[in-house]
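Below is one structure, written out as structure tokens, with a few remarks after it.
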Amino acid sequence: MARFRLSDLNPEQLEAVYHETGPMLILAGAGTGKTRTITARIAWLISQGEDPAKMLAVTFTNKAAREMKERIAGMVDPAEARAVTASTFHALCLRILRADATRLGYKANFSIFDEGDQMGLIKKIITRVSAKDEKLDPNLAKNMISKAKNNRWPVPEDEESLVGTVYRRYEEELRALNAMDFDDLLGKAVLLLDDHPEVREKWRERVKFLMVDEFQDTNALQLDLVGLLASGSPPNVCVVGDDDQSIYGWRGAEVSNILEFEKHFPDPRIIRLEQNYRSTNAILGAANRLIKNNPRRRGKNLWSPKEGGEPVRVIAVPDDRKEAEFVVQEIAAHRDSDRAPWEHFAVIYRMNAQSRLLESNLRQHKIPYRLVGGKSFFERREIKDITAYMTVLLNPEDDQTLLRIVNTPPRGIGATTVELALAFSIERDLSLFEALRHPDYLGTCTRRAAGAIASFVDEIGAARIRVGTPGVDAEAIVSELLTECGYIEDLKRSCKTPEEALNREGNVKEMLRALGEHSRRSGNSSNPLQSFLDEISLDREREEDKDDDNRGVTLITMHAAKGLEFPHVYLVGVEDGLLPHERSKTEGTVDEERRLFYVGITRAMKSLVITWCRNRMKFGSAMHCRPSPFLDELQGENVEMENYEEIMSRPMEEEDVVAQFAKLRAQLAGS
DNA sequence: AGGTGAGCATTTTTT
DNA sequence: ATGCTCACCT
């Protein structure tokens with residue numbers, strides 16, 4: 001029997017849980033228990049005898065998908081929980097495509113291009129097609145292509161502009177490489193389901209109950225996908241989201257998807273979750289007053305049965321240095337008086353650059369902190385290299401990836417040789433790999449180059465055959481390949497310090513270990529190498545939270561903080577031009593900045609301090625700042641403007657003195 | 001091939 | 001201030 005209690009839910013949540021079929025829109029404000037609701041609904045449906053294998057919950061992040069699975073596992077039978085699918089949009093699309101992409105003319109072993117691969121290809125194309133006096137920012141091109149794909153705009157066929165040409169070439173190249181970028185995963189899956197009714201029906205058959213998390217962040221393609229997968233009439237789709245937390249418009253998210261839900265799925269049941277389980281009423285009041293100023297919203301009013309709580313403090317500080325000092329000091333004092341661990345504090349800001357001063361202050365005070373954001377494990381050179389080796393083993397047609405490893409480590413296949421091979425491959429309409437082993441090409445090479453190429457091709461070819469046999473030890477094959485081709489040795493050699501060498505080698509080992517573990521986990525079903533690559537190219541997280549020294553005060557951007565909560569929050573740099581970012585004013589997206597501020601505010605559980613600087617270093621020089629206009633909108637009950645000078649000159653309060661004393665005593669006792 | 005310096009832009013980043 | 005790109009040099 002189910003191990004969950006419906007009595008824990010409030011009436012609105014229960015209404016959502018008991019909803020059976022037909023479209024439903026759950027407007028779930030920040031901290032209103034949306035995951036609890038959605039998972040309880042799944043558990044409820046299962047307890048009513050519905051088949052868990054026909055339930056699909058779609059999220060944006062792997063973390064959210066994992067969390068959802070864990071929650072469900074705590075509520076129902078393990079076997080039932082395992083049968084429920086909780087997956088990201090991208091992982092779901094990949095599954096759809098691996099099964100049937102051949103119908104779109106791709107081979108089932110297509111590679112996935114991450115942003116780095118994508119940029120590399122775009123840059124290459126730009127240099128090839130642009131005339132001498134033409135310039136195109138590859139980043140801009142990438143964004144335009146992504147926007148076009150996410151809006152299902154057709155690839156321009158006769159477009160004369162440089163971007164149009166680049167876009168067209170980019171598509172041709174990807175196709176030739178048997179590769180897809182992240183946007184393609186969505187786009188091609190939608191295309192597949194759209195054009196192939198039998199595939200569509202197959203999936204609809206499997207998806208009796210469809211649930212979508214963070215619906216306010218979906219783009220046009222994702223909306224289409226939801227429409228294609230939803231079965232039943234009226235369509236049996238349940239979406240959860242909060243229009244007030246839509247902060248990814250710049251990435252193609254369409255708030256209209258949630259604002260005009262009725263247009264896409266007529267006559268839905270609409271449920272508002274407004275009871276907040278996270279924050280004090282002081283914090284909720286400020287958040288509500290702020291967000292009321294946005295036009296175009298569903299409208300919600302968060303409330304909590306709890307009392308007001310500490311007032312929200314708004315403080316103007318002289319400059320950004322003082323701001324960092326002040327915040328760190330406050331955190332230190334607060335921890336002592338409240339006996340709160342460092343993990344209970346977060347400093348939230350608009351731009352990553354703002355973390356610098358905070359970091360150095362925290363370090364000075366010996367306060368542990370964790371910085372969220374930064375380069376991931378998977379962007380490290382050696383990881384990209386190994387991934388490239390594995391990718392080539394599976395899809396040797398992927399020239400782009402082959403180029404990465406063809407002379408890594410240096411094996412005597414230099415730029416000239418590669419250029420010639422590339423030219424030959426284009427002339428004969430072959431992949432680069434095929435060209436490299438073609439006798440006609442090898443004949444044109446020097447004896448030495450031909451030898452180098454032949455041994456490289458042989459090494460890859462042999463490993464490729466071994467990997468293709470079912471039930472093999474993929475870890476051993478890749479490991480041997482990397483050692484025998486001299487990659488490991490070269491990696492160590494190219495490091496400046498022994499520590500670096502150790503670190504990089506450790507990364508390689510970690511990666512191989514993960515591959516081994518993955519193969520064991522997946523048994524000798526399909527191709528373990530393929531599924532391992534799929535997994536890592538769509539899940540770039542890992543090792544983030546699990547690690548040991550990852551504790552302490554959290555430094556994080558407002559974007560990255562969405563979905564998280566902290567007892568004590570400091571929102572810094574709330575100035576005109578930074579919080580409504582200057583750029584947003586020219587782009588007409590101030591509403592989204594307001595939502596961003598709203599997201600920041602609603603992260604706080606117990607206490608919230610907001611600071612702004614009268615002066616700030618910008619682009620190397622000091623600039624005068626005005627407070628964010630949003631600060632006026634917050635004003636009201638339980639929001640207090642405090643004077644910085646007064647705080648600094650105020651004598652210590654008694655409890656602080658006591659705490660200080662206790663700290664001193666503890667230090668003495670410890671030494 | 002890999003290193004160095006001038007020139008330049010500078011928001012956010014789930015996959 | 002800082003980091004990144006690209007051109008040019010060793």
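Just so we're on the same page: letters track the sequence lines, and every chain starts at 1. All values below come from the heavy atoms of this structure, side chains included, with hydrogens, waters and symmetry mates left out. Because the structure is predicted, anything quoted here is derived from the model rather than measured.
Stacking here means ring centres nearer than 5.5 Å and ring planes tilted less than 30 degrees, and by that measure Trp250(A) stacks onto dT12(B). Residue ring and nucleobase are stacked for His581(A) and dT11(B), with a centre distance beneath 5.5 angstrom and an angle between planes beneath 30°.
Between dT10(B) and Arg350(A), no contact under 4.0 Å exists linking OP1 or OP2 to a side-chain N or O. Dashed line: the shortest gap from a side-chain N or O of Asn62(A) to OP1 or OP2 of dT14(B) is not under 4.0 Å. In this structure, Asn407(A) reaches the dA1(B) phosphate: one of its side-chain N or O atoms is under 4.0 Å from OP1 or OP2. Between Thr88(A) and dT14(B) there is no side-chain polar atom (N or O) within less than 4.0 angstrom of OP1 or OP2. Residue Asn352(A) places at least one side-chain N or O closer than 4.0 Å to OP1 or OP2 of dT12(B).
Taking atom CD of Gln222(A) as the reference point, atom P of dT14(B) lies 14 Å away to the nearest angstrom. Put simply, CD on Glu115(A) is 14 Å from P on dT12(B), counting in whole angstrom units. One atom, CE of Met351(A), and another, P of dA1(C), lie 16 Å apart when rounded to the nearest Å. Distance Ile122(A) CD1 to dT5(C) C1': 17 Å, rounded to the nearest Å. Rounded to a whole Å, the CD1 atom of Ile536(A) is 14 Å from the C1' atom of dT15(B). In this structure, Glu214(A) atom CD and dT15(B) atom C1' are separated by 14 Å, rounded to whole Å. With rounding to whole Å, Ile413(A) atom CD1 is found 16 Å from dA1(B) atom C1'. Spacing between atom CZ of Arg493(A) and atom P of dA1(B) amounts to 12 Å, rounded to whole angstrom units.
Using a 4.0 Å cut-off between charged nitrogen and carboxylate oxygen, Arg595(A) and Glu592(A) count as a salt-bridge pair. Comment: Arg296(A) does not engage Asp243(A) in a salt bridge, judged by the lack of any side-chain N to carboxylate O separation of less than 4.0 angstrom. In summary, Lys142(A) and Glu115(A) engage in a salt bridge, as defined by a charged side-chain N under 4.0 Å from a carboxylate O.
Spacing between dT12(B) and dT5(C) at atom P, rounded to whole Å, works out to 15 Å. dC4(C) sits 15 Å from dT13(B) when the P atoms are compared, rounded to a whole Å.
Counting any heavy atom pair closer than 4.0 Å across all strands shown, Asp217(A) reaches a base atom. Using a 4.0 Å heavy-atom cutoff across all strands shown, Glu587(A) reaches at least one base atom of the nucleic acid. Among the protein residues, Phe89(A) comes within range of no part of the nucleic acid, since none of its heavy atoms lies under 4.0 Å from any strand.
You'll find that the side chain of Arg583(A) is closest to dT11(B), out of dT13(B), dT11(B), dT2(C). For Thr61(A), taking side-chain heavy atoms from C-beta onward, the closest of the listed nucleotides dT14(B), dG3(C), dT13(B) is dT14(B).
Mapping Ser537(A) and Ala415(A) onto DNA chain B by nearest heavy atom places Ala415(A) at the nucleotide closer to the 5' end. Positionally, the nearest nucleotide of DNA chain B for Ser584(A) lies more toward the 5' end than for the other of Ser584(A) and Phe182(A).
Seen from the ring of Phe110(A), Arg98(A) counts as a face-on cation partner, given the 6.0 Å and 45° thresholds.
For an aromatic pair to be called close, the ring centres must be under 6.0 Å apart, and His559(A) with Trp250(A) satisfies this. Less than 6.0 angstrom separates the ring centroid of Phe261(A) from the ring centroid of Phe215(A).
No side-chain donor-acceptor contact under 3.5 Å links Asp398(A) and Thr391(A). Using modelled atom types and a 3.5 Å distance limit, the side chains of Gln245(A) and Asp242(A) yield a donor-acceptor pair. Judged purely by distance below 3.5 Å, without hydrogens or angles, the side chains of Asp244(A) and Asn294(A) never pair a donor atom with an acceptor atom.
In the region residues 619-627 of chain A, proximity to DNA chain C at under 4.0 angstrom, judged on heavy atoms, holds for Phe619(A), Gly620(A).
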